[in-house]
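Worksheet: one structure, shown below.
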Number of protein chains: 2
Amino acid sequence: MENITEMLKGVLEGCVLEFISRGETYGYEITQQLRELGFTDVVEGTVYTITMRLEKNNLVNIEKKPSNMGPPRKFYTLNEAGREQLTLFWDKWEFVSNKMNELKSN
Amino acid sequence: MENITEMLKGVLEGCVLEFISRGETYGYEITQQLRELGFTDVVEGTVYTITMRLEKNNLVNIEKKPSNMGPPRKFYTLNEAGREQLTLFWDKWEFVSNKMNELKSN
DNA sequence: ACTGGTATTCAGTATTACTAACTACTTTAA
DNA sequence: TTAAAGTAGTTAGTAATACTGAATACCAGT
């Protein structure tokens, strides 16, 4: 699916929060998970701007660990504020999603 | 629902296209329809920037008509390109929407 | 040595919704 | 007759977000 970037605004951060909530993970892996989901054109840079934002907004805990596959990884977990943000995200998604489907099906 | 503006990016234009596709309408009326849908915080200025963009991208026909309620109205209808854009929009919505719900329900 | 995969950072760009102010027409009330 | 409120459109500037593209760096295999 091409040119969905505008539609991803506001939802991509929610996806990242969701992936982190499922267990400690890091930027590069999150990128791959997003691609597997179907958002195939998402690149590392995009994900890192999101994780940096999560850091800045104090929604995540950070732990740097060495990797045997390359340079060290920055592992993220959600803190309490992050979990709240995630449920807030899904609430918003539910709301917008319902309204859009309502519009679509008259 | 508060602070959904980021999530509206990319979908608001689709809503406007959809409303226009249902019959000749104008900015002020579209704003009210969006509010009735549930996007209560959308203001006129936002909708006008969208209709101006639709004009610029040659997706609509324009007809100015006098109103007995106030200043003249700019009525829009979709042209062929506009209809294509609308089906493209719903395709993209369907795609993103499905992926998000897939993520949500594991 | 070189390539490719893994992993992060960052400056700059494009797009979009929003803010806030201005103009202007009509009706109704003070 | 003036003021306010509803209707209707335009525009300059702002904030937020995803994307681009380049740079750095670690490691494995050829």
Side-chain angles (χ1 to χ4, degrees), chain A residues 1-17 24-35 37 39-57 59-60 62-76 85 89 92 96, chain B residues 1-17 24-35 37 39-57 59-60 62-76 85 89 92 96:
Chain A
M1 182 63 51
E2 49 189 68
N3 219 27
I4 57 173
T5 106
E6 286 311 319
M7 210 174 273
L8 289 183
K9 286 186 180 175
V11 315
L12 221 42
E13 179 177 312
C15 294
V16 173
L17 285 169
E24 201 177 49
T25 184
Y26 55 98
Y28 192 81
E29 189 177 52
I30 294 169
T31 309
Q32 295 173 317
Q33 289 173 314
L34 283 167
R35 294 220 185 104
L37 219 207
F39 301 150
T40 52
D41 295 340
V42 172
V43 293
E44 288 85 354
T46 298
V47 174
Y48 288 119
T49 59
I50 295 173
T51 54
M52 302 289 265
R53 194 161 66 232
L54 298 181
E55 288 185 36
K56 204 190 74 185
N57 296 338
L59 302 173
V60 287
I62 312 169
E63 204 181 341
K64 206 156 195 171
K65 295 183 190 178
S67 164
N68 56 344
M69 305 284 286
R73 302 164 172 166
K74 275 177 78 178
F75 281 89
Y76 296 102
Q85 189 74 12
F89 166 75
K92 290 195 280 187
V96 171
Chain B
M1 182 62 53
E2 48 190 69
N3 220 25
I4 57 173
T5 105
E6 287 311 319
M7 211 176 271
L8 289 182
K9 287 189 181 173
V11 315
L12 221 42
E13 179 176 312
C15 294
V16 173
L17 285 169
E24 200 176 50
T25 185
Y26 54 98
Y28 192 80
E29 190 176 50
I30 293 169
T31 309
Q32 294 173 317
Q33 291 173 313
L34 283 167
R35 293 220 186 105
L37 218 208
F39 301 149
T40 52
D41 294 340
V42 172
V43 293
E44 288 83 355
T46 299
V47 174
Y48 290 121
T49 57
I50 295 173
T51 55
M52 302 289 266
R53 195 162 66 230
L54 298 180
E55 289 185 35
K56 205 190 73 185
N57 295 339
L59 301 173
V60 286
I62 313 170
E63 204 180 343
K64 206 156 195 169
K65 295 182 189 178
S67 164
N68 56 346
M69 305 286 285
R73 299 166 174 165
K74 275 177 76 176
F75 282 88
Y76 296 101
Q85 189 74 11
F89 165 75
K92 289 195 281 187
V96 172

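Below, read A as the first sequence line, B as the second, and so on, with proteins coming before strands; counting in each chain starts at 1.
For the pair B:K74 and D:dT10, the criterion of a side-chain N or O lying under 4.0 Å from OP1 or OP2 is met. Regarding contacts with the backbone of C:dA7, a side-chain N or O of A:Y26 is found under 4.0 angstrom from either OP1 or OP2. For the OP1/OP2 pair of C:dA7 and a distance below 4.0 Å, the side-chain nitrogens and oxygens of A:S67 include at least one atom meeting the criterion. Phosphate contact (OP1/OP2 of D:dA18, side-chain N/O of A:R53, threshold under 4.0 Å): present.
Comparing B:G70 and A:K64, the nucleotide of DNA chain C nearest to each residue sits closer to the 5' end for A:K64. For A:R73 and A:G45, each mapped to the nucleotide of DNA chain C holding its nearest heavy atom, the one lying further toward the 5' end belongs to A:R73. Mapped onto DNA chain D by nearest heavy atom, A:E13 and A:M69 fall at different nucleotides, with A:E13 at the one closer to the 5' end. With the nearest nucleotide of DNA chain D identified for both A:L12 and A:P72, A:L12 has the one nearer the 5' end.
When distances are taken from the side chain of B:L8 to each of C:dC18, C:dC10, C:dT6, the shortest belongs to C:dC18. Closest to the B:Y48 side chain, of the nucleotides D:dT7, D:dG9, C:dC18, is D:dG9. The side chain of B:T46 has C:dT19 as its nearest neighbour among C:dT8, C:dT19, D:dT7. With C:dT6, C:dT15, D:dT17 as the choices, the nucleotide that has an atom nearest any side-chain atom of A:P71 turns out to be C:dT6. Proximity note for B:T49 (side chain, C-beta onward) versus D:dT11, D:dG9, D:dC19: the nearest is D:dT11. The side chain of A:V42 sits closest to D:dC19 out of D:dC19, C:dC18, C:dT16.
Distance A:E44 CD to D:dA25 C1': 14 Å, rounded to the nearest Å. A straight line from CD1 of A:I62 to P of C:dT8 spans 11 Å, rounded to a whole angstrom. In this structure, B:Y28 atom OH and D:dT10 atom C1' are separated by 16 Å, rounded to whole Å. Look at CD1 on B:I30: it is 16 Å from P on D:dT7, rounded to the nearest Å. Here D:dA16 presents its P atom at 18 Å from CE of A:M52, a figure rounded to the nearest Å. Nucleotide D:dT10 holds its C1' atom 16 Å from the CG atom of B:L54, rounded to whole Å. Rounding to whole angstrom units, CZ of residue B:R35 and P of C:dC18 are separated by 11 Å. Spacing between atom CZ of A:F89 and atom P of D:dT17 amounts to 12 Å, rounded to whole angstrom units.
Atoms CG and CZ, on B:N3 and A:F89 in that order, are 13.0 Å from each other to the nearest 0.5 Å. Taken from CD in B:E63 to CZ in B:R73, the straight-line distance is 13.0 Å, to the nearest 0.5 Å. Atom OH of A:Y76 and atom OG1 of A:T25 lie 10.5 Å apart (nearest 0.5 Å).
Here the options are B:K65, B:K64, B:K74, the test is salt bridge (Lys or Arg N to Asp or Glu O under 4.0 Å), and the partner is B:E24; only B:K65 passes.
Within 4.0 Å of B:D41, counting heavy atoms only, lies no atom of the nucleic acid at all.
Contact between A:I30 and A:T51 at its shortest, heavy atoms only, is CD1-CG2, 4.4 Å.
No hydrogens or angles were tested; on distance alone, a donor-acceptor pair under 3.5 Å links the side chain of A:K9 to the base of C:dT15.
Looking at A:E2 and A:D41, their side chains never come closer than 4.5 Å, going by heavy atoms from C-beta outward.
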